[in-house]
Structures are given as C-alpha cells and as structure tokens.
Amino acid sequence: MTVSKTKRNIVLGILFFLPVAFLLMLYPAKHNYNPLDIVHEGVSELEGFYELEGDSVQLKNHITVLGFLGENPMDNAMAASNLKELVYDKFKGFKTFQIVMVAPTGTENQIKQLDKEISTYEDLKFWHYVFAQEGEVKKLFNSLKSDEALKSDLSTNNVFIVDKDLNQRGRIDGRDKKETEADKPQYSVYAYNTIEVADIKNKMSEDIRILFTEYRQRRKGKFDDSTTRRANDLKQSNE
C-alpha cells in the first residue's frame, strides 16, 4: 500500500514538474531574439494619394508592407499574387497590419483587373491600392532606403516594411546563421523581392513576425529598445 502510494506521488510529481521545467527552458529563448532593425527613418506619409473608394489610407500607426506597381500593374500580377498568398493571408488577422500598393494616376482600371485576379472574390479588407501623380510616387519611393532605383515605369519588384512611426525596417546584417558561420560578407536588407518566393516566404514573413513580437513586448513593457542604436551605427558607417 505504501509502495503504491509512493509510486503515485512520484508520477504526480513528474507530471507537475515536467511542464514547469519545459517553460523555464523556453523562457530565456522567448526574449532572446534580434529585433528588426530600423534601417531608415522618416518615410513619407501618403499625402496627395487617394484610394479607389475614396477612403483615407495612412502609414502612421500601422505595420505596412509597401509596394509599387507602376504604370502597367498587370505586368506585376505574379509579384502581387505571391505577396497576397505568402504574406497577406498569413498576417491579415493582426491588428494594424496592412498592405499598401502604390500606382500612378491613370491605372485605376488595370488595378481593378489586378484586384479581381488576385482576390478570388475574397474581401481584401487590409489590402489597399493608392494613386498619385508621378512626382508624388517618386517622392514616396525616395523617402525609402533602397539598393535598387525605381524603374522608368514607376514599378519595382521589391516591397518595404514600414513601422507605426514611419521607420523603414529591415536588417543591418542580413546574413542567416549559415552565412554567418561561413563568414560570408555582411550585407543589409532594406527590401524584399516579391518574385523570389523563398525571400518572401522565409525572410520577410519571419521579419514581420519579429516586428509584431516587438510591439507586443512594448505593450507589456518588456522590450529593450536597441534598434535606434543600431540605426545610428549604420548611419555613421555610411558617412
């Protein structure tokens, strides 16, 4: 009887302490991640832009994926489709998340055709198309940091992550673990190529997830803000 009771207590103890031990092992890893760097500050707000339905769209106070479809939006249907399936569908339920696609005035009918093609009749509530004159489109793009210039038709395959405070987010050191261990040359990530599925599915999705984690920890008062320091380091290195 005593032996049976002892065995039962041991089993109950193991069942109780195993989950606790597991959580304790996870706890340091939960907070031990590299925040998404501020790679550029002062992204322009969408002043002078309009949406098809006349609604107001702003970057401020949103986590935004920002893209440029150019004068021939249907030529970028594959890029838009990749973005919809691999990013929008994954994060559309998160508060303040949005995708904003920029196009020059005069492309409204093409945009309607593109939207019909990628939406499959789904209500893209957090996906916005905004329009402006060529000068305003260029001004917005030039407020971003990019390794590649905007094409002559005002388009690019790259999209950018902009945080709630109009800071452009990315990676000062964009190398993954394998590249770092192999001592590959350091490079920065300012944008994400929507044609490269692996770039969108892996690197960009992970970076957006990290940014949401940062804001969640900010709300809980657990975030150690070192991104500004890293942004200043980058700025100094470019001087």
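Counting from 1, the numbers follow the sequence of the chain as shown.
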Student: For residues 158-166, which side-chain donor-acceptor pairs fall under 3.5 Å, sequence neighbours excluded?
Tutor:
from	atom 1	to	atom 2	distance (Å)
Asp163	OD1	Asp165	N	2.9
Asp163	OD1	Leu166	N	3.2
Asp163	OD1	Asn167	N	2.9
Asp163	OD2	Asn167	ND2	3.4
Asp163	OD2	Arg169	NE	2.8
Asp163	OD2	Arg169	NH2	3.2

Student: Going only through I, L, V, M, F, W and Y residues with side-chain contacts under 4.5 Å, is there a path from Leu211 to Leu144?
Tutor: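 The answer is no; the residues belong to distinct hydrophobic clusters.
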Student: Holding to side-chain hydrogen bond (donor to acceptor under 3.5 Å, both in side chains), I want the full list of residues that pass it with Gln186, two or more places apart in sequence or in another chain.
Tutor: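 Once residues adjacent in sequence are excluded, Gln186 has no partner under the side-chain hydrogen bond (donor to acceptor under 3.5 Å, both in side chains) criterion.
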Student: Using the side-chain hydrogen bond (donor to acceptor under 3.5 Å, both in side chains) criterion, which residues pair with Glu136? Sequence neighbours excluded.
Tutor: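 For Glu136 there are no side-chain hydrogen bond (donor to acceptor under 3.5 Å, both in side chains) partners, ignoring immediate neighbours.
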Student: In terms of hydrophobic clusters joined by side-chain contacts under 4.5 Å, are Tyr192 and Leu150 together?
Tutor: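 Unlinked, Tyr192 and Leu150 end up in two clusters.
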Student: Any salt bridge (charged side-chain N to carboxylate O under 4.0 Å, His left out) involving residues 190-205? Give me the pairs, sequence neighbours left out, ordered by first then second residue.
Tutor: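 Every candidate salt bridge (charged side-chain N to carboxylate O under 4.0 Å, His left out) pair involving residues 190-205 fails, so no pair, neighbours aside, qualifies.
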Student: Establish whether Leu36 and Tyr215 are linked, either directly or via other cluster members, by ILVMFWY side-chain heavy-atom contacts under 4.5 Å.
Tutor: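 Yes, because Leu36 and Tyr215 connect within a single hydrophobic cluster, where side-chain heavy atoms sit under 4.5 Å apart.
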Student: I need the Glu117 CD to Leu114 CG distance, nearest 0.5 Å.
Tutor: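 Output value for this atom pair is 6.5 Å.
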Student: Holding to side chain to side chain contact (heavy atoms under 4.5 Å, CB included), I want the full list of residues that pass it with Tyr50, two or more places apart in sequence or in another chain.
Tutor: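 Expected list: Thr105, Glu108, Phe131.
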Student: Taking all non-hydrogen atoms of both residues, which atom of Glu214 and which atom of Pro35 are closest, and how far apart?
Tutor: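 Heavy atoms only, the tightest pair is OE1-CB, 4.2 Å.
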Student: Tabulate below the donor-acceptor pairs under 3.5 Å that side-chain atoms of residues 65-87 make, not counting sequence neighbours, or state none.
Tutor:
from	atom 1	to	atom 2	distance (Å)
Asn76	ND2	Leu69	O	2.8
Ser81	OG	Glu85	OE2	3.4
Asn82	ND2	Thr194	O	2.8
Lys84	NZ	Asp89	OD1	3.3
Lys84	NZ	Asp89	OD2	3.3
Lys84	NZ	Glu122	OE1	2.8

Student: My understanding is that only residues two or more places apart in sequence, or in another chain, count here; which of them pass salt bridge (Lys or Arg N to Asp or Glu O under 4.0 Å) with Lys138?
Tutor: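 Residues passing salt bridge (Lys or Arg N to Asp or Glu O under 4.0 Å) with Lys138: Glu134.
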Student: Can you find a pair of side-chain heavy atoms, one from Phe141 and one from Thr156, that are under 4.5 Å apart?
Tutor: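 Side chain of Phe141 against side chain of Thr156, heavy atoms only: contact under 4.5 Å found.
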Student: Say you draw a straight line from NZ of Lys90 to CZ of Phe97; how long is it, rounded to the nearest 0.5 Å?
Tutor: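 Answer for the NZ-CZ pair, Lys90 versus Phe97, is 11.0 Å.
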Student: Assess whether atom CD of Glu181 is packed by more than 12 heavy atoms of other residues, nucleotides or ligands within 6.0 Å.
Tutor: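 Count over threshold, so yes.
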Student: Under 4.5 Å between any side-chain heavy atoms of Leu59 and Gln98, yes or no?
Tutor: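 Contact flag for Leu59/Gln98 side chains = yes.
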Student: Any chance you could measure Asp115, atom CG, to Tyr129, atom OH, to the nearest 0.5 Å?
Tutor: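 Taking CG in Asp115 and OH in Tyr129, the distance rounds to 4.0 Å.
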Student: Does NZ in Lys60 sit with more than 12 non-hydrogen atoms of other residues, nucleotides or ligands closer than 6.0 Å?
Tutor: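 Atom NZ in Lys60 is crowded, with more than 12 foreign heavy atoms closer than 6.0 Å.
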Student: Same cluster for Val43 and Val102 if Ile/Leu/Val/Met/Phe/Trp/Tyr side chains link at under 4.5 Å?
Tutor: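 Same cluster.
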Student: Between Trp127 and Val57, is there shared hydrophobic-cluster membership here, with clusters defined by ILVMFWY side-chain heavy atoms closer than 4.5 Å?
Tutor: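 They do not share one cluster, since no chain of ILVMFWY contacts under 4.5 Å joins Trp127 to Val57.
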Student: Do the side chain of Asp37 and the main chain of Val39 share a donor and acceptor less than 3.5 angstrom apart?
Tutor: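 Such a contact is absent between Asp37 side chain and Val39 backbone.
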Student: Walk me through it: do Phe91 and Phe126 pass the test side chain to side chain contact (heavy atoms under 4.5 Å, CB included)?
Tutor: CA-CA 10 Å; Phe91 295 102; Phe126 306 104; over 6 Å; no
Student: According to salt bridge (Lys or Arg N to Asp or Glu O under 4.0 Å), who are the partners of Asp207, at least two apart in sequence or on a separate chain?
Tutor: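 For Asp207, the residues satisfying salt bridge (Lys or Arg N to Asp or Glu O under 4.0 Å) (neighbours in sequence not counted) are Arg171.
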Student: Any non-hydrogen side-chain atom of Phe49 less than 4.5 Å from a side-chain atom of Leu140?
Tutor: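 In contact.
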Student: Just verifying a value: how many Å separate Ile63 CD1 and Thr96 OG1, rounded to the nearest 0.5 Å?
Tutor: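 Ile63 atom CD1 to Thr96 atom OG1 measures 4.5 Å (nearest 0.5 Å).
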Student: Show the nearest heavy-atom pair for residues Pro104 and Thr107, with the distance to one decimal.
Tutor: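 Taking Pro104 first and Thr107 second, the nearest heavy atoms are O-OG1, 2.8 Å.
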Student: Can you name the side-chain hydrogen bond (donor to acceptor under 3.5 Å, both in side chains) partners of Glu45, sequence neighbours left out?
Tutor: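 Partners of Glu45 under the side-chain hydrogen bond (donor to acceptor under 3.5 Å, both in side chains) test: none.
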Student: Charged N to carboxylate O under 4.0 angstrom, Glu206 versus Arg209?
Tutor: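 Result for this pair is yes, salt bridge flagged.
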Student: By salt bridge (Lys or Arg N to Asp or Glu O under 4.0 Å), which residues pair with Asp173, not counting sequence neighbours?
Tutor: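 Asp173: salt bridge (Lys or Arg N to Asp or Glu O under 4.0 Å) contacts with Arg175.
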Student: Is a donor on one side and an acceptor on the other found under 3.5 Å between the side chain of His128 and the backbone of Ser56?
Tutor: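 No; zero donor-acceptor contacts below 3.5 Å.
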Student: Test Lys177 against Thr180 for side chain to side chain contact (heavy atoms under 4.5 Å, CB included), laying out the working first.
Tutor: CA-CA 5 Å; Lys177 186 178 180 180; Thr180 303; 5.8 Å; no
Student: Report yes or no: is the cationic atom of Lys145 (NZ for Lys, CZ for Arg) under 6.0 Å from the centre of the six-membered ring of Tyr190, at an angle within 45° of the ring normal?
Tutor: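 Yes - Lys145 lies over the ring of Tyr190, closer than 6.0 Å to its centre and within 45° of its axis.
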Student: Mark yes or no for whether Ser188, through its side chain, and Ile172, through its backbone, hold a donor-acceptor pair below 3.5 Å.
Tutor: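 At least one qualifying donor-acceptor pair exists.
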Student: For Asn61, enumerate each residue passing the side-chain hydrogen bond (donor to acceptor under 3.5 Å, both in side chains) test, keeping only those at least two apart in sequence or located in another chain.
Tutor: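 Expected list: none.
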